[in-house]
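Just so you know, residue 1 is the first one in the sequence shown, and it goes up from there. Since the structure is predicted, the reported quantities are computational estimates derived from the model, not experimental observations.
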Amino acid sequence: MANPLLKNNIRRLRFDRNEMTQEELARLAGCTRQTIIAIEQGKYVPSLELAFKIARAFKVPLEEVFQYTA
């Protein structure tokens with residue numbers, strides 16, 4: 001189920017980082033490529049722990065990866 005309130009910049013961040021693949025990001029974040037795909041498409045909301053791991057993989061603050069628009 002898509003969550004229109006949670007937006008993410010994962011795809012842009014991946015391409016800004018030498019076109020990092022979904023597989024590379026998944027490895028760095030400790031999840032599967034399918035999970036990254038679902039998050040990018042807004043079909044899956046990551047746990048807080050996974051969200052922080054993704055931000056850490058990009059070496060940016062959490063707010064640069066995810067935005068909550070209430």
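Interatomic distance, CD of Gln34 versus CD of Gln22, reported as 9.0 Å (0.5 Å rounding). One finds the CD atom of Gln67 at 9.5 Å from the NZ atom of Lys7 (value rounded to the nearest 0.5 Å). Rounded to the nearest 0.5 Å, atoms CD1 (Ile37) and CZ (Arg11) are 11.5 Å apart.
Partners of Glu23 by side chain to side chain donor-acceptor pair (under 3.5 Å), not counting sequence neighbours: none found.
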Assess whether side chain to side chain contact (heavy atoms under 4.5 Å, CB included) is satisfied between Leu28 and Phe58, documenting all intermediate values. CA-CA 9 Å; Leu28 291 169; Phe58 289 124; over 6 Å; no
Apply side chain to side chain contact (heavy atoms under 4.5 Å, CB included) to the pair Leu13 and Ile54, showing each step before the final yes or no. CA-CA 10 Å; Leu13 288 165; Ile54 291 169; over 6 Å; no
Criterion side chain to side chain contact (heavy atoms under 4.5 Å, CB included) on Arg17 and Glu24, from CA distance to verdict: CA-CA 11 Å; Arg17 306 245 174 345; Glu24 289 171 312; over 6 Å; no
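Around atom CZ of Arg12, more than 12 heavy atoms belonging to other residues, nucleotides or ligands sit under 6.0 Å away.
Residues Arg14 and Met20 come closest through the heavy atom pair NH1-O, 2.7 Å. Looking at every heavy atom in both residues, Ile36 comes nearest to Cys31 through CD1-SG, 3.6 Å.
Residue pairs meeting the salt bridge (Lys or Arg N to Asp or Glu O under 4.0 Å) criterion with at least one partner in residues 52-70, sequence neighbours excluded, are Glu49-Lys53.
Across Leu6, Val65, Leu25, Asn8, a single residue satisfies side chain to side chain contact (heavy atoms under 4.5 Å, CB included) together with Ile39, and that is Asn8.
A continuous path of Ile, Leu, Val, Met, Phe, Trp and Tyr side chains, each step under 4.5 Å between heavy atoms, connects Leu48 with Tyr44, placing both in one hydrophobic cluster.
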